[in-house]
Amino acid sequence: MIFKNQYEQQRIEKGKALEALGKNPYQHNIVKDTSTKEFTECYAYVANENNQRDENKKNTVVGRIKFLRHMGKAAFAKIEDEHGALQVYFSKESIGEEWFEEVKKLVEVGDIILATGFPFVTKTGELSLHAKELEVATKSIVPLPEKFHGLQDKEQRYRKRYLDMIMNPEVRKTFKTRSKIVSTIRHFFEERGFLEVETPMMHPIAGGANARPFVTHHNALDVDRYLRIAPELYLKRLVVGGFEAVFEINRNFRNEGMDQTHNPEFTMIEFYWAYHNYHDLMKLTEEMFDVLLKKLKLPKKLPFGDMEIDFSKQFQKISFKDALALIGKVPYEILESRDAIIKYIIDSGNEINVKLSLGKLWEELFDLFVEEKLIDPTFIIDYPIEISPLARRSETNPDIAERFELFIAGREIANGFNELNDPIDQYNRFAKQIEAKDAGDDEAHEMDEDYVQALGYGLPPTAGQGLGIDRLTMLLTNEESIKDVILFPAMKPINENQQETEEY
RNA sequence: GACUCGUUAGCUCAGCCGGUAGAGCAUCUCCCUUUUAAGGAGGUGGUCGAUGGUUCGAAUCCAUCACGGGUCACCA
């Protein structure tokens, strides 16, 4: 039996008692004509009326009881709906003696009630609804957590997000903001002529990023499929096909560790823009942040944790190499020497794999000395080619990719580049990845011949970018854990031995 | 994966120099017709995350396991 504790049993009995009185504890066809927010806004004038009430008005409000105070022959219930809260007053006199006595016994915190009556202001000055009718819309069986401290336990908050939402209104606010972020971005791209598309989530080859994929099996075809780690290669196929500006906002899946900034499924927007370059992308990204801050009514000096992020100036642009020297304070003169870099890293008290190539060592230096210092929005440009397998090579410097990443608050937020569209070069880079894979790098890209084939038909000059929606949301809602911006974050199932499977 | 902290009533927590459990809120029974975490009186409720061990005796000490938080690693 699921509802086995004494409180739940008691509440089930109360539901039955309501039924015995001819009151369905799970009504459906109830009519609500006013939200708590509309009620408080509409009747603000009542405070100025002579007797502090307007008995000519009649409204029906529905909400979940969060507080309930019985005072003998009268009672106050604070009800909450999606947009606000309202105090409902009812008494023996107002709803009838018999029903009042039943309500006293059978209605409690957690229940969803419907109250009909007129607006008035209490002695203490709170605009309230004076109920003439009171009905139970939904009887709640499981008691709510304590009213003052609410639900604190993070595990319960993530596992039972619905309860978290009932108890913590700011959680609802965060997810509304997330929704607004997504819709703002969607409109931003649509307005600029981008076409939203949906590409496969199940891939025969996991490509477009360096990550371990989830594997599943398609029975009818008897083949394994990989949950996508990135939509990149499909979106670029669409550009080959003639869509010159496309975007997709959807989930990626990566079979890796979880922490404050990583969830196995996370949301990305990727967009591809033919006949544009990565400088256009950076400009577009700045515009997008501008629009986002305006839409969300956020200040240009955005607080985040104990930082303040300055969006009032143009985003800084600095090359990868300059960032190492100027921001990371790594001496310029060691940057061309693998041995010198290795020595520098070890001397600074860090461990390093001495087999790494120069490009990978630069990446290590960046992660160690630069990334966390990039608080205000900063584009790092001109990446080493060998850590950019899908990016176009610079015409002036073959070691450099025409690529940027955007960092804010010490974190990577976006990654964009001019797309590699030379099919032969792409084939060779895949081949190199295969070698790495054979050498034991299980995150190296796989050969995707169909993709190379697509490039063979001609991918126009195109710039493409990916931006993590979850991390963006963290930034704009000032949340420090990705779990706080994902409605149902990944959690380990509770041990089966401890679960009961008795029948109800 | 490593380290670390945590898991006690429905919820929030105390107890942890070993002697088989406490508070507040909630719930139950009363009183109370303008309360704001309402108030007053009295009650119910817990195999102290699980399994072993040490001990005359374990919520408390030890070990293993489960789940969670944090840090690190992995990971863009």
Side-chain angles (χ1 to χ4, degrees), chain A residues 3-11 13-14 52-53 66-78 85 87-95 97 100 104-105 108-110 120-128 130 140-160 163 166-167 208-212 229-230 252 254-264 266 268 350-351 353 363 366-367 371 380 383 387-388 403 405-407 411-415 442-443 466-468 471 480-484 489-499:
Chain A
F3 301 115
K4 60 177 185 289
N5 87 32
Q6 50 170 329
Y7 306 107
E8 293 162 348
Q9 284 300 312
Q10 271 167 13
R11 296 176 76 119
E13 290 308 317
K14 289 181 181 187
Q52 303 265 290
R53 59 185 55 214
K66 296 296 286 291
F67 293 93
L68 187 56
R69 290 180 275 273
H70 276 284
M71 318 262 320
K73 298 187 181 65
F76 292 91
K78 177 88 83 180
Q87 178 165 266
V88 172
Y89 169 85
F90 59 99
S91 67
K92 220 167 196 174
E93 208 172 282
S94 77
I95 64 166
E97 182 160 355
F100 183 84
K104 200 170 171 178
K105 278 185 282 186
E108 57 206 315
V109 172
F120 82 115
V121 175
T122 64
K123 265 185 187 167
T124 50
E126 181 168 348
L127 178 62
S128 308
H130 191 292
S140 157
I141 296 307
V142 185
L144 293 179
E146 197 237 0
K147 61 189 170 192
F148 188 56
H149 298 92
L151 184 68
Q152 299 293 328
D153 183 26
K154 284 199 170 172
E155 181 169 358
Q156 291 305 318
R157 292 186 47 209
Y158 297 143
R159 285 190 195 278
K160 297 186 174 179
L163 185 58
I166 291 171
M167 298 310 295
N210 293 318
R212 271 197 295 265
I229 56 176
N252 289 342
R254 298 189 184 174
N255 204 341
E256 280 155 2
M258 294 157 60
D259 61 29
Q260 285 201 327
T261 54
H262 295 84
N263 194 67
F266 63 101
M268 290 265 285
N350 295 286
E351 289 176 20
N353 178 353
E363 197 177 21
F366 188 87
D367 290 348
E371 186 167 7
I380 300 295
Y383 268 66
I387 57 173
S388 314
R403 172 185 176 195
E405 285 198 357
L406 172 63
F407 290 85
R411 290 176 190 163
E412 182 205 335
I413 294 288
N415 176 22
D442 56 0
E443 279 153 16
L467 187 150
R471 290 182 189 180
E480 56 192 25
S481 170
I482 198 168
K483 284 188 166 75
D484 291 318
M491 298 291 278
K492 245 188 180 183
I494 32 188
N495 193 347
E496 281 175 23
N497 298 336
Q498 290 178 25
Q499 283 180 326

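Order of the sequence lines fixes the chain letters, A, B, ..., with proteins taken first and strands second; residue numbering starts at 1 for each chain.
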Which part of the nucleic acid does [X] contact within heavy-atom distance under 4.0 Å: base, sugar-phosphate only, or nothing?
| X | result |
| --- | --- |
| A:Gly468 | nothing |
| A:Arg471 | sugar-phosphate |
| A:Phe120 | base |
| A:Ile387 | base |
| A:Glu8 | nothing |
| A:Arg11 | nothing |
| A:Met167 | nothing |
| A:Gln260 | sugar-phosphate |

If pairing requires Watson-Crick or G-U wobble contacts with both distances under 3.5 Å, which nucleotide is the partner of [N]?
| N | result |
| --- | --- |
| B:rG68 | B:rC5 |
| B:rC75 | none |
| B:rU35 | none |

Are any of the side-chain heavy atoms of [X] and [Y] separated by less than 4.5 Å?
| X | Y | answer |
| --- | --- | --- |
| A:His262 | A:Arg254 | no |
| A:Met258 | A:Lys483 | yes |
| A:Phe266 | A:Arg471 | no |

Report yes if at least one side-chain N or O of [X] is closer than 4.0 Å to OP1 or OP2 of [N]; otherwise report no.
| X | N | answer |
| --- | --- | --- |
| A:Lys147 | B:rA26 | yes |
| A:Lys14 | B:rC28 | yes |
| A:Lys66 | B:rA37 | no |
| A:Lys154 | B:rG68 | no |
| A:Gln152 | B:rC13 | no |

What interatomic distance, in whole Å, is found between [atom1] of [M] and the corresponding atom of [N]?
| N | M | atom1 | answer |
| --- | --- | --- | --- |
| B:rC25 | B:rU64 | P | 41 Å |
| B:rU12 | B:rU7 | C1' | 14 Å |
| B:rU47 | B:rA26 | P | 23 Å |
| B:rC17 | B:rC61 | C1' | 11 Å |
| B:rG45 | B:rA2 | C1' | 41 Å |

Give a yes or no answer on whether the side chain of A:Asn263 reaches the backbone of A:Ala490 with a donor-acceptor pair at less than 3.5 Å.
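Yes, because the side chain of A:Asn263 sits within donor-acceptor range (under 3.5 Å) of the backbone of A:Ala490.
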So does A:Val142 get a backbone contact from the side chain of A:Arg11, meaning a donor-acceptor N/O pair under 3.5 Å?
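Side chain of A:Arg11 to backbone of A:Val142: no pair is present.
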Write down the distance between [atom1] ([X]) and [atom2] ([N]), rounded to a whole number of angstrom.
| X | N | atom1 | atom2 | answer |
| --- | --- | --- | --- | --- |
| A:Arg69 | B:rC31 | CZ | C1' | 18 Å |
| A:Asn415 | B:rC75 | CG | C1' | 14 Å |
| A:Lys160 | B:rC11 | NZ | C1' | 11 Å |
| A:Glu371 | B:rA73 | CD | P | 11 Å |
| A:His149 | B:rG10 | NE2 | P | 18 Å |
| A:Asn353 | B:rC74 | CG | C1' | 14 Å |
| A:Lys92 | B:rU33 | NZ | C1' | 10 Å |
| A:Glu126 | B:rU34 | CD | P | 15 Å |

For the side chain of [X], counting heavy atoms from C-beta on, which of [options] is nearest?
| X | options | answer |
| --- | --- | --- |
| A:Gln10 | B:rU27, B:rU44, B:rU34 | B:rU27 |
| A:Gln6 | B:rU33, B:rC11, B:rU44 | B:rU44 |
| A:Phe148 | B:rA37, B:rG69, B:rC32 | B:rA37 |
| A:Arg212 | B:rC32, B:rC75, B:rC74 | B:rC74 |
| A:Tyr158 | B:rG69, B:rU35, B:rU12 | B:rG69 |
| A:Tyr7 | B:rG45, B:rA38, B:rU33 | B:rG45 |
| A:Phe76 | B:rU33, B:rG68, B:rU35 | B:rU35 |

For A:His130 and A:Tyr89, take the angle between the two ring planes, folded into 0 to 90°, and tell me which bin it lands in: parallel under 30, tilted 30 to 60, perpendicular over 60.
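Answer is tilted, since the angle falls between 30° and 60°.
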Does a distance-only test, which skips hydrogens and angles, find a donor-acceptor pair under 3.5 Å between the side chain of [X] and the base of [N]?
| X | N | answer |
| --- | --- | --- |
| A:Tyr89 | B:rU35 | no |
| A:Asp259 | B:rC74 | yes |
| A:Gln87 | B:rU35 | yes |

Does A:Lys66 have more than 12 heavy atoms from other residues, nucleotides or ligands lying within 6.0 Å of its NZ?
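Buried by this count: over 12 neighbours within 6.0 Å.
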Give a yes or no on whether A:Glu93 atom CD has more than 12 heavy-atom contacts from other residues, nucleotides or ligands under 6.0 Å away.
no
Reading RNA chain B from 5' onward, which residue's closest nucleotide shows up sooner: A:Ser128 or A:Lys104?
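Nearest nucleotide further toward 5': that of A:Lys104.
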5'-most by nearest nucleotide on RNA chain B - A:His130 or A:Pro143:
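Nearest nucleotide further toward 5': that of A:Pro143.
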